[in-house]
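Remember, predicted model here, so these are calculated numbers, not experimental data. Proteins get letters first, then strands, A, B, ... in listed order; numbering begins at 1 in each.
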Protein chains: 2
Amino acid sequence: MAETHRRRSDATRAAIRDAARERFAADGYERATIRAIASDARIDPSMVIRYFNSKEKLFAAAAEFDLQLPDSRSIAHAEAGWALVGHFLDRWEGDDTLLALLRTAVTHAAAAERIRAVFADQLAPLLAELCDDRAQVPTRAGLVATQMLGLALSRYVLGIGPITELDRDAIIAWLGPTIHRYITARNPTDASPLTTSP
Amino acid sequence: MAETHRRRSDATRAAIRDAARERFAADGYERATIRAIASDARIDPSMVIRYFNSKEKLFAAAAEFDLQLPDSRSIAHAEAGWALVGHFLDRWEGDDTLLALLRTAVTHAAAAERIRAVFADQLAPLLAELCDDRAQVPTRAGLVATQMLGLALSRYVLGIGPITELDRDAIIAWLGPTIHRYITARNPTDASPLTTSP
DNA sequence: AGCTTAAGCCAACAGCTGTTGACACGTCGA
DNA sequence: TCGACGTGTCAACAGCTGTTGGCTTAAGCT
């Protein structure tokens, strides 16, 4: 009982959401027009509004994202940096949503907030289990963000040649040590108790 | 002789270009409307077109950028990574143009191409003098791009809290080693002649 | 069957966009 | 003084945008 009837509209609702995600990922917020999204979903533009009330809310529905980070116990701490790079690559290439968020966040405040939330609410808790000094976790999560978002920007959005040509293993090999250091290295601005020289 | 007359229009032309740069930097390409730019420059929208023929050409004029990288002889090779991070920060905070390029490049192909050119034509030649294996220079320049663009994106566009709060010295201390490794470290995917284990 | 209601299409709105052409003001040189 | 020209304003265009309301069809229930 309380069986929710599976209406026919659920299919088109999902079709609209998926088409919206692809358009946002490919064109950004303003160029992803409702008419284009509707056309992709083989539906009338007015239906998009009927189902999602406004473009803003359609975006909110299309841009829900879960990093699906593994549990801290299932990754070897000594290889955490490399594992994280690989995981990000997987999530990026298997799901349009992150690309949609990145393309829209540059001009759309709600998308930027969503990206901030991804790193603060999903990545930071994992880092909290990987490193000991809790106060530094937000900074470390932010540093990881700079490198991983920069990779995605360069590779998937800007199409910087030498970066798009690197294969998965090469990226992990190059960026792995960077991420690992951001997670585990001592704060380089802390004055050492033994030596204060750089 | 052949003295170019300094016309009054030169001032307004420059005003339009500066206003355009600020708007592109703040709003991205599509939201930076000609009417808004004209309003900032206290001029009629039609004048913008008269002076620059089209929005596209206005953008091209407003987005000319020179990284102003120092000569390879004037930086200590052992500190090149840290020096580069500092230089990027200076260029980013002293000139709207890079931010305008970053904001527009996400949806505008010409801007993306311009960013690619900055790293390929301005950064790569410097790296060519800093490291020995020439074949790897484009890859290394691209890697530097991923980290520096990611920093700018996180700090100036997305406003990731912990990153915006870092001061200049902290950023240099954290990212310096990363950039330095991208410039100088041996290709991590090369099999070592002595050991092939990771 | 017939009635209800969901699902979809069509046409239109008000607003904004880049761009254009016609007209007015002012400042020069002859 | 007159004309030419550089500089600027006004009004309007065609096209696109998100959004709305009314109409038509199809499905589901009794």
For B:Pro45, the side-chain contact (heavy atoms from CB on, under 4.5 Å) test, sequence neighbours excluded, returns B:Ile34, B:Arg35, B:Ala38
Hits for ring pair (Phe, Tyr, Trp, His ring centres under 6.0 Å) against B:Phe59, two or more places apart or cross-chain, chain-then-number order -> B:Phe24, B:Tyr29, B:His108
Under 30°, 30 to 60°, or over 60°: which ring-plane class applies to A:Tyr182 and B:Trp174, parallel, tilted or perpendicular?
perpendicular
Angle class for the B:Trp92/B:Tyr156 ring planes (parallel below 30°, perpendicular above 60°, tilted otherwise)?
parallel
The correct set of residues in residues 99-111 of chain A placing a heavy atom under 4.0 Å from DNA chain C is none
Discussion item. Considering every strand and a 4.0 Å limit on heavy-atom distances, what is the contact class for A:Tyr51: base, sugar-phosphate, or nothing?
Written reply: sugar-phosphate
When rounded to whole Å, the CZ to P distance for the pair B:Arg13 and D:dG8 reads 11 Å
Separation of C:dA7 atom P from A:Ile16 atom CD1, nearest Å, is 11 Å
Numerically ordered, the residues 21-43 of chain A set in heavy-atom contact under 4.0 Å with DNA chain C is A:Arg35, A:Ile43
Hits for side chain to side chain donor-acceptor pair (under 3.5 Å) against B:Gln122, two or more places apart or cross-chain, chain-then-number order -> none
A:Glu79 meets the side-chain contact (heavy atoms from CB on, under 4.5 Å) criterion, sequence neighbours left out, with A:Ala76
Contacts of A:Asp90 meeting side-chain contact (heavy atoms from CB on, under 4.5 Å) (sequence neighbours excluded), chain-then-number -> A:Arg168
Under 3.5 Å between N/O atoms: give me all the protein pairs with nucleotides 20-28 of chain D, atom names plus distance.
from, atom 1, to, atom 2, distance (Å)
D:dG22, O6, A:Arg50, NH2, 3.0

For B:His180, the side chain to side chain donor-acceptor pair (under 3.5 Å) test, sequence neighbours excluded, returns none
To the nearest angstrom, the CZ-P distance between A:Phe59 and D:dT17 comes to 18 Å
When rounded to whole Å, the NZ to P distance for the pair A:Lys55 and D:dG18 reads 4 Å
Residues pairing under salt bridge (charged side-chain N to carboxylate O under 4.0 Å, His left out) where one sits in residues 36-62 of chain B, two or more places apart or in two chains, turn out to be B:Arg23-B:Asp40
Residues at least two apart in sequence or cross-chain that pass side chain to side chain donor-acceptor pair (under 3.5 Å) with B:Asn53, listed by chain then number, are none
Residues at least two apart in sequence or cross-chain that pass side chain to side chain donor-acceptor pair (under 3.5 Å) with A:Asp71, listed by chain then number, are A:Arg73
Should A:Ser54 be listed as having a side-chain N or O under 4.0 Å from OP1 or OP2 of D:dG18? no
